[in-house]
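These notes are about the structure you will find just below.
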Amino acid sequence: MPDLKYTLSEPDEEEKRLVQALTQNAQVPIRGDRVAFGGVRRAKNLRNLLLPGLHALQNAKGWISPGGLNHLAETLRVPAAEAFGVASFYDLFTLEEPAYAGPLHHVCVDPSCGVAGAEARIKALQAQGKAVHEGPCLGQCDRAPAYFVQARSSEPVDMTALDNSKQAFDTSLSGKLLRRFGKVDPSDLRSYLDNGGYRAFETALSIGGAAVISRITEAGLTGRGGAAFPTGVKWNAVAAHEAYEKHIVVNADESEPGTFKDRMILEMDPFALIEAMTIAAVSTGSTKGWIYVRGEYATAERRLQSALNEVQRSGLLGHNIRGTDHSFDIQIRQGAGAYICGEETALFNSIEGFRGEPRSKPPFPTESGLFRSPTIVNNPETLINVLEILEAGVDEFRASGTNDSPGTKLFCVSGDIGTPGLYEAEFGTPLRRLLEAADIPAEEVYAVLLGGAAGRFLNSSAIDMPLSFEGAKAYNATLGSGAVMVFSNRVDLTKVVTRLGKFFKDESCGQCVPCRVGTQRQHEVLLQIGDSTPTRRQRDLLDDLSIVMGDASICGLGHTAASAVQSAIDQGLIWSET
Amino acid sequence: MTEQNISLTIDGQAVTVPKETTILEAARSVGIDIPTLCWAENLTPVNVCRLCVVEADNSKALVPACSRACDAGSNIETNNERVTKNRRMVLELLDSANDLSQSEELQDLMANYEADSSRYSDNLAAHDEPKVEDDLFIRAYDRCVLCYKCVQACGEEAQFTFAIAIANRGFDARVSTEHDIPLPESACVYCGNCIGVCPTNALQFKTEFDLRSAANWRPEDQEVTETICSYCGVGCTLELHTQDNEIVKVTSPADHSVTSGHLCVKGRFGWEYVQAPVYRPPSAIQTDAAVDD
Ligand SMILES: Cc1cc2nc3c(=O)[nH]c(=O)nc-3n(C[C@H](O)[C@H](O)[C@H](O)COP(=O)(O)O)c2cc1C
Ligand code: SF4
Ligand code: SF4
Ligand code: SF4
Ligand code: FES
Ligand code: FES
């Protein structure tokens with residue numbers, strides 16, 4: 001361990017207390033059966049407390065002071081420059097004393113909120129003298145225009161913005177994954193158990209891990225986080241490893257514009273997620289669970305934490321669960337405003353206390369994931385499907401959907417027409433039927449952005465597209481995260497597309513040249529063009545940027561940073577002729 | 001030899017290399033050159049610049065040759081139209097964001113790949129004024145291409161001082177000390193290893209900076225003399241770069257077995273005595289007053 005040098009900035013008493021509270025009880029398991037209780041070795045293994053520590057400092061004062069950061073870094077033996085590099089990576093951390101008093105209001109200006117009056121909301125908040133930050137989609141597109149209040153712990157919070165009691169979800173097309181929504185009390189384990197909770201877990205224990213994984217494979221379950229990777233293959237790969245430590249990571253960093261399904265799962269059905277994780281753990285011999293929740297999901301995090309506490313008390317987590325020889329426990333980690341941390345390897349870095357920069361793959365997470373151990377990363381929706389498969393059986397699961405896309409899917413519908421909300425539909429349901437269920441008249445549809453910012457635009461001729469992986473592919477589109485943003489011709493789509501360009505430039509981690517500079521240049525060209533017709537030179541530049549970002553970037557963010565823009569042009573949705 | 005060999009095809013040539021060999025190493029072993037920027041032989045690849053991308057038939061996107069291990073049976077194209085186009089774009093993007101005028105290698109590459117950055121708006125990534133904070137070296141981040149080499153050299157790959165790291169995100173990302181405090185207040189120990197690895201001259205000796213400012217930097221008139229550092233018993237090889245018979249910078253060869261190109265503050269900067277203007281034998285120094293005059 002090198003001799004690290006820190007500046008002389010001192011923390012105040014409160015900051016000292018917060019850092020001490022963070023570290024004093026933390027146990028640090030290290031490789032092998034040993035547990036490090038003291039010394040530099042212990043401190044070094046505490047680096048994963050950097051992100052929670054930054055949250056604690058930020059929440060207390062509304063910013064992270066040099067003294068506080070210095071003290072936190074020194075306590076965790078993180079070099080000061082690196083701690084600063086990590087803190088400055090995230091949108092929700094402020095490193096200079098804010099000029100305003102009171103909480104910061106983050107207002108979403110992404111597509112669904114943009115068309116629902118984000119600008120008016122910003123003006124109204126500013127008129128009340130409130131500090132406003134214009135930011136990306138907050139995963140509340142069903143109640144656009146959305147905002148999120150980032151308070152200091154010493155100040156009262158304006159709860160109206162956090163009131164999530166009115167949740168819009170619809171099961172008219174299918175009611176499998178959503179069947180516990182509104183029925184099970186998310187704060188009461190008893191209520192979950194009375195509604196069939198932990199039956200799938202019992203099944204998993206009785207049939208054993210290998211059988212669980214083969215059922216998931218037979219059911220044809222694929223990831224719902226965007227990449228549609230076969231879940232059984234992942235689980236198998238991790239089960240096959242003999243590593244001492246294996247992890248189950250839930251990716252609930254949901255930041256894809258237009259997507260809010262995972263937030264609703266966390267808020268309405270947190271026990272289901274915990275049960276499914278436990279099944280993944282006992283089936284693959286993994287002992288550590290992590291749920292990475294988007295930093296802006298305050299209610300979701302609160303409900304999940306309280307659900308987790310209940311399950312831990314009940315003995316359904318922890319050492320030798322229910323008398324078996326399986327041990328598994330779960331920790332929650334909060335993100336801090338960075339879309340890129342939804343990329344699985346960036347997420348590992350974020351948990352470990354490093355900058356949320358994606359790693360180079362291979363190696364893949366199943367080989368070398370969190371803390372370089374074999375790791376399963378899954379999306380919350382993927383995991384609650386596991387409960388369906390184990391409870392209803394493979395045949396019943398495959399009875400919904402299509403042969404290549406079995407089961408049902410959650411769709412997040414938002415935009416400027418109809419009733420926004422979360423809709424569950426069988427794979428293969430025509431887009432038209434989903435829109436009907438959301439009260440969107442087909443003839444009013446001008447454009448649909450499928451799959452969020454990383455997805456592609458469709459024009460009204462795609463209205464009969466079957467909502468399945470293969471159906472979307474036939475239209476050169478992807479279902480992605482299940483975001484369905486629908487726009488009428490009253491919407492200024494050029495503005496929407498330009499805003500998407502800004503989203504990518506703001507969210508690029510900055511690691512690789514094609515994406516760091518390419519997203520910046522793409523946004524500049526879009527601003528330059530505005531509503532006019534692009535010149536040949538401008539059009540060529542957009543195409544060339546699309547090629548280099550798609551071909552030469554490190555991760556999926558860069559790979560998809562031009563796809564919405566390019567598809568809007570290809571579909572004839574923006575600019576008269578190009 | 002217990003090592004397993006694998007075979008693959010690079011630009012139509014059959015190549016057999018030990019497992020875990022990178023595409024870059026394999027290509028160079030048969031005389032095919034691939035340009036690199038963030039790669040260096042004495043550092044672990046970070047594969048961020050993407051200049052070395054090549055086409056592999058088992059990958060949808062292009063792959064970085066500098067870090068990707070060869071796959072058995074794969075077919076690699078290092079120089080086809082798609083690859084060339086992407087490299088040209090990477091170079092254009094770099095040139096649109098940075099002042100690359102002091103990197104001869106990048107200038108040559110831009111000419112070879114016909115990169116034309118005039119079509120971008122003039123928005124340099126870093127308008128930062130050069131940071132001149134001490135007499136030893138300067139940091140001019142408008143030339144910085146964020147290759148991560150200095151961060152690596154300052155951290156786990158050589159110096160273990162961790163004075164600098166990447167801060168901020170996206171286009172605003174910068175190499176920085178904590179809170180961007182001046183280097184003399186930071187953990188920096190002035191080993192100069194960051195200067196040694198910087199490919200764009202963003203980090204340079206103050207001597208070079210001053211000579212350039214005075215329009216008197218003349219590499220063509222410079223000489224390089226190899227010697228062994230006289231400060232301690234390690235025996236680091238030094239390359240003394242001299243112009244008009246004065247030392248203007250000190251480097252060490254990256255492939256040198258003792259230093260791997262890295263030095264300490266004494267070898268890197270402790271040469272002023274060599275060209276001290278007046279030599280006074282110890283007997284001449286009698287009083288403070290005598291020294292001061
Ligand atoms: C820029 C970027 C952002 C991502 N964001 C998320 C996310 O918010 N949630 C998610 O589940 N997957 C996200 N992913 C995909 C993950 O990398 C990963 O594939 C997924 O979590 C795997 O889970 P699944 O197999 O259950 O879908 C993102 C990928 C990229 C490239
Ligand atoms: S593609 Fe973008 S987000 Fe991904 S690693 Fe590169 S710079 Fe970061
Ligand atoms: S001189 Fe040495 S210690 Fe200082 S920043 Fe450079 S590499 Fe780090
Ligand atoms: S200063 Fe030089 S070595 Fe450091 S990242 Fe920038 S270009 Fe690379
Ligand atoms: S919350 Fe505004 S678009 Fe999602
Ligand atoms: S040299 Fe390979 S990515 Fe930079």
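FYI, side chains are in, hydrogens and waters are out, and symmetry mates aren't considered; it's all heavy atoms of this structure. Computed from a prediction, not measured in an experiment: that's the story for all the values here. Proteins come first, then strands; the chains are lettered A, B, ... in the order of their sequence lines, and each starts at number 1.
In this structure, the portion of B/I164 lying under 4.5 Å from any heavy atom of chain A is its backbone and not its side chain. Interface remark: A/A83 contributes no atoms to any contact with chain B (heavy atom separation under 4.5 Å). Proximity to chain A (any heavy atom under 4.5 Å) is shown, for B/V90, by both the backbone and the side chain. Proximity to chain B (any heavy atom under 4.5 Å) is restricted, for A/R355, to the side chain, taken from C-beta onward. Proximity to chain A is absent for every atom of B/L51, based on heavy atoms less than 4.5 angstrom apart. Neither the backbone nor the side chain of A/I340 has a heavy atom closer than 4.5 Å to any heavy atom of chain B. Proximity to chain A (any heavy atom under 4.5 Å) is shown, for B/S176, by both the backbone and the side chain. Proximity to chain A (any heavy atom under 4.5 Å) is shown, for B/R88, by neither the backbone nor the side chain. Contacts of A/E96 with chain B are absent, with no heavy-atom separation under 4.5 Å from either backbone or side chain.
Residues of residues 498-507 of chain A lying under 4.5 angstrom from chain B, judged on non-hydrogen atoms, are A/D506, A/E507 by number. Of residues 182-191 of chain B, those residues with a non-hydrogen atom less than 4.5 Å from any non-hydrogen atom of chain A are, in numerical order, B/E185, B/S186, B/A187.
Taking each heavy atom of A/T7 and B/E178 in turn, the nearest pair found is CG2-OE2, 3.4 Å. Of all heavy-atom pairs between B/N168 and A/F89, the closest is O-CD1, 4.2 Å. What you find for B/R169 and A/S508 is that their closest heavy atoms are CG-O, 3.2 Å.
Taken to the nearest 0.5 Å, the OH atom of B/Y148 stands 3.5 Å off from the CD atom of A/E357.
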